[in-house]
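The structure under discussion appears below in the form of structure tokens.
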Amino acid sequence: MSHRPLEDTIAQPVGTTLERYIMRTQSEFPYATGELSQLLRDIALAGKIVSREINRAGLAEVAGAFGQQNVQGEQQQKLDVVANIRFIRALTNGGQACAVLSEEEDGIVHTGNVQGKYVVAIDPLDGSSNIDVNVSIGTIFSIYRRVSPYGAPATEADFLQGGRRQIAAGYILYGSSTMLVYTTGHGVVGFTYESSLGEFFLSHPRMIIPETGSIFSCNEGNWHDYPEYVRDYLTRCKERRCSGRYVGSLVADYHRNLLVGGIYLYPPTQKNPDGKLRLLYESFPLAFVIEQAGGRAEAGPGRGRVMDLIPTHFHQRTPLFTGSYSLVDELLGMETT
Ligand code: P6P
């Protein structure tokens with residue numbers, strides 16, 4: 001803080017960079033020996049590169065379909081493949097992650113960093129079908145301390161520890177601005193990317209979701225597939241004159257609700273009886289962040305809190321109801337009415 005306000009007037013402080021913030025708060029990180037700090041730097045670096053690729057997509061040969069399907073059976077966009085390569089390469093070169101589980105890969109990607117303490121589950125580019133129509137998209141990541149022995153390759157158990165074992169999680173939103181939002185279990189912090197300087201700057205020192213809100217986010221095209229309690233809840237939202245806001249890009253809908261309050265719903269449907277969203281690299285990280293911001297993330301009546309779920313396989317799905325605490329609470333209460 002300058003004691004000479006005139007200086008601040010003629011030379012505005014640029015703010016706190018991600019690097020300075022990480023160094024300042026490193027003492028909060030479990031096992032604070034710098035490895036987790038480096039891991040977050042590696043993710044931020046890949047995020048900067050992917051942000052640049054996305055912003056050039058319309059001009060370069062990286063828009064459109066890649067011409068192959070991923071393990072989910074979904075058509076890969078070229079930027080899905082590019083983002084996957086960028087994050088795996090950054091995590092490999094950073095040296096802290098011994099393995100990566102990606103939505104775009106069938107199984108574990110071993111980085112060769114067998115002494116690495118961490119594993120990362122990641123959706124390199126969620127909502128990529130929106131790329132060609134210039135709608136916001138995002139990266140979602142989840143970090144665990146490995147349970148397999150150092151020096152050996154990572155195992156399935158490293159990735160199937162369950163939501164409560166995450167030590168850090170977050171997302172990068174490639175929107176009107178690019179933002180990195182994450183938690184290490186000590187609240188939620190947000191950084192906004194200044195591309196002219198190539199730096200993420202602290203813009204949201206402590207993100208807290210409003211306890212309630214007037215926005216519901218879901219694909220009402222699935223209305224006739226929804227369970228009755230979901231239809232009853234949505235009807236109540238409309239009677240209350242709430243606003244429907246659905247980008248169709250999870251990170252965009254989630255981030256807006258985190259800032260202004262609201263609820264995101266991806267219920268079970270006939271097409272996706274266990275919901276559409278993936279547990280390990282979408283719902284777990286977003287549940288960790290929303291709970292750290294004072295919100296709630298549930299898998300639905302009878303399925304419980306997302307963070308309590310114990311995964312059995314890498315690409316399993318879960319219904320997801322997340323956002324303002326009182327809204328999720330109200331939805332769950334509909335089941336018993
Ligand atoms: P639907 C994108 O494919 C995604 O995984 C999320 O980003 C988004 O919220 C959801 O699926 C959209 O699915 O069935 O509404 O098109």
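Atoms within a ligand are numbered from 1 in the order they appear, just like the ligands themselves. The first residue in the sequence is number 1, and the count goes up from there. Atoms considered below: every heavy atom in the structure, side chains included; atoms not considered: hydrogens, waters and symmetry mates. From a predicted model like this one, the values you see are computed outputs, not experimental measurements.
- Side chains of Glu105 and Asn84: a donor-acceptor N/O pair is present below 3.5 angstrom, by distance only.
- A distance of 6.0 Å or more separates the ring centres of Phe201 and Tyr193.
- Those atoms of ligand 1 with a heavy atom of Tyr264 less than 4.0 angstrom away are 8 (C), 9 (O).
- Here is the list of ligand 1 atoms found below 4.0 Å of a heavy atom in Tyr246: 1 (P), 9 (O), 10 (C), 12 (C), 13 (O), 15 (O).
- With ligand atoms numbered from 1 in the order given, ligand 1 contributes 1 (P), 13 (O), 14 (O), 15 (O) to contacts under 4.0 Å with heavy atoms of Tyr266.
- Using 4.0 Å as the threshold, Ser249 has a heavy atom nearer than that to some atom of ligand 1.
- Taking the centre and axis of the six-membered ring of Tyr144, the NZ or CZ atom of Arg165 falls outside the cone set by 45° and 6.0 Å.
- The residue from Arg41, Arg146, Lys117 that alone fulfils the salt bridge (charged side-chain N to carboxylate O under 4.0 Å, His left out) condition with Glu35 is Lys117.
- Near Leu250, the atoms of ligand 1 lying under 4.0 angstrom from a non-hydrogen atom of the residue are 6 (C), 7 (O), 8 (C), 9 (O).
- Linking Ile, Leu, Val, Met, Phe, Trp and Tyr whenever their side-chain heavy atoms come within less than 4.5 Å leaves Val100 and Phe288 in two separate clusters.
- A ring-centre distance under 6.0 Å is not found for Phe216 and Tyr264.
- Annotation: atom 8 (C) of ligand 1 to nearest protein heavy atom, Gly248 O, 3.4 Å.
- Note: an N/O pair closer than 3.5 Å links Lys276 and ligand 1 by distance alone.
- Protein heavy atom at the shortest distance from atom 2 (C) of ligand 1 is Gly127 CA, 3.8 Å.
- The nearest non-hydrogen atom to atom 4 (C) of ligand 1, considering only Leu125, Asp126, Asn222, comes from Asp126.
- Using a cutoff of 4.0 Å between basic side-chain nitrogens and carboxylate oxygens, Glu239 and Arg241 are not scored as salt-bridged.
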